[in-house]
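Protein chains get the first letters and strands the later ones, always in sequence-line order, with residue 1 at the start of each.
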2 protein chains.
Amino acid sequence: MAKNAKFNREQVVEKAKDLYWEKGFHATSMRNLQDVIDMRPGSIYATFGSKEGLFKEALASYTQAGIEQLAQSRAETSSPIEALKAFMKRMIIEQRACAPSPLCMLAKTVAELTDEQQELLQAAKDSLKAMEHEFEKLIIEAQALGDVSTDKDAKKLARHIQIQVSGLRTYSRTCDGDAPLAEMIDDIFNHYPF
Amino acid sequence: MAKNAKFNREQVVEKAKDLYWEKGFHATSMRNLQDVIDMRPGSIYATFGSKEGLFKEALASYTQAGIEQLAQSRAETSSPIEALKAFMKRMIIEQRACAPSPLCMLAKTVAELTDEQQELLQAAKDSLKAMEHEFEKLIIEAQALGDVSTDKDAKKLARHIQIQVSGLRTYSRTCDGDAPLAEMIDDIFNHYPF
DNA sequence: TTTTATCTTGAACGATCGTTCAAAGCTAGT
DNA sequence: ACTAGCTTTGAACGATCGTTCAAGATAAAA
């Protein structure tokens, strides 16, 4: 009866994500996207509805990848705290050079967008909260294993991680030379509030 | 012989700064600016050269205001550390509600811009470094007064402040309800590395 | 093979972008 | 009052924006 779509939706969203991540929502034009994902406007609009629709899927893809990378860090390490450390080093040090932007796409989005794109803004906020919740789960696991005192509030510690990640990624963008980022990440877990 | 410009350059830059700060570089159109600063395109281009030229002056105005607010905090407090605390509370808590954006305009700019606007990007980076240097001067004063151990590296402490400000301002944007921001700011100075 | 339902294409739309410039307006010096 | 020299004005430019849609291409059902 019909013809199936020939593009791979996941791959397309992945490529769109990278471009949006690099340039931000407003500086990315639909024509930039057409080139990168190799689709014509009609197909893009039939599939994603609008520039905002595609951005929303890109955000979701970014968030899912982040959660998976945290899980992978956990799988590769012997303790939840080491997993958090490894994850932070990946986000802050490795991605500094090789990712589309050294900054978190979610943080960039909440920085860039206003109420004019309220839905996208809310999606980015929700994703940041979701990441924070993943941090919290690892901290609770660390408490269960005795690596972190159960006197401490896992929510507060997770929030602290979130703040340090945002701060360090922004900072890493400002200093051209290499700041001692690895050392600073280790320090986070060696001192208050840990 | 000639006619003098009738607009007040400082006031104009101030208004442009607020709009750029709120919406970011790309989402702010020249027509938005025309309305806000009440100038016609010809006058704007004769005075500032381009959208980028006006943005550059807005960045400089923002930075100057920040340095002055830090100095004012110092004048209003009895110690340099109290001044830093007061400044952070102003930036993070007060401006959260009343400023054009809860985020630092400089941090927003380094997050948004790419090499396509290399000059503006560099100006924002330089301004962030300048603010960090102002923090350092206050910390050195605190060391001279015996409020901070001279064993500690003032540069590292200043960098720590910078990272906490970025992290907290980004975080304050994501949580709609009020996080205990004041408490977190106090904590910064009560624990490592202070 | 023909039909039919879907997907793809790319020219084109109106809106808006950053910017220019000739004309008009204004003020200080004569 | 007149002129010279600057400022201000706003219509207009070409480029690009996000988006639409009629026409062509394709593959499964008949």
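- Qualifying side-chain contact (heavy atoms from CB on, under 4.5 Å) partners for A:E116, counting only residues two or more places apart in sequence or in other chains: A:T114, B:K23.
- Within residues 52-61 of chain B, no residue approaches DNA chain C, by heavy-atom distance under 4.0 Å.
- Every pair passing ring-ring contact (aromatic ring centres under 6.0 Å, His included) that includes a residue from residues 56-75 of chain B is listed here, sequence neighbours excluded: B:W21-B:Y62.
- Evaluation of the salt bridge (Lys or Arg N to Asp or Glu O under 4.0 Å) test over residues 53-64 of chain A, restricted to residues two or more places apart or in two chains, returns A:R9-A:E57, A:K56-A:E119.
- At whole-Å resolution of the value, NZ in B:K51 and C1' in C:dT20 are 17 Å apart.
- Listed by chain and residue number, A:E183, B:D153, B:R159 satisfy the side-chain contact (heavy atoms from CB on, under 4.5 Å) test with B:K156 (two or more places apart in sequence, or in another chain).
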Using nucleotides 8-11 of chain C, report all nitrogen or oxygen pairs with the protein that are shorter than 3.5 Å.
{"unit_1": "C:dT8", "atom_1": "OP1", "unit_2": "A:K6", "atom_2": "N", "d": "3.1"}
{"unit_1": "C:dT9", "atom_1": "OP2", "unit_2": "A:R40", "atom_2": "NE", "d": "3.4"}
{"unit_1": "C:dG10", "atom_1": "O6", "unit_2": "A:G42", "atom_2": "N", "d": "3.0"}

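- Between B:L33 atom CG and C:dT16 atom P there is a gap of 16 Å when expressed in whole angstrom units.
- Listed by chain and number, the residues in a side-chain contact (heavy atoms from CB on, under 4.5 Å) with A:T150 are A:Q143 (sequence neighbours excluded).
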Considering only distance and modelled atom types, tabulate donor-acceptor pairs under 3.5 Å from the side chains of residues 88-95 of chain A, sequence neighbours left out.
{"unit_1": "A:K89", "atom_1": "NZ", "unit_2": "A:D186", "atom_2": "OD1", "d": "3.1"}
{"unit_1": "A:Q95", "atom_1": "OE1", "unit_2": "A:R169", "atom_2": "NH2", "d": "2.9"}

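- Residues B:S172 and B:L181 are in side-chain contact: their nearest non-hydrogen atoms beyond the backbone lie under 4.5 Å apart.
- Side-chain nitrogen and oxygen atoms of A:S29 include none within less than 4.0 Å of the OP1 or OP2 phosphate oxygen of D:dT16.
- Judged as a ring pair (Phe, Tyr, Trp, His ring centres under 6.0 Å), and not counting sequence neighbours, the contacts of B:F189 are B:F194.
- Between B:Y45 and C:dT19 there is a side-chain polar atom (N or O) within less than 4.0 angstrom of OP1 or OP2.
- Not counting sequence neighbours, the partners of B:D115 by the side-chain contact (heavy atoms from CB on, under 4.5 Å) test are B:Q118, B:L121.
- Remark: nothing in residues 110-123 of chain B comes within less than 4.0 Å of DNA chain D through any heavy atom.
- Residues B:F25 and A:H26 have side chains not in contact (no heavy-atom distance under 4.5 Å, counting atoms from C-beta outward).
- Residues from residues 8-26 of chain A lying near DNA chain D, meaning a heavy-atom separation below 4.0 Å, are absent.
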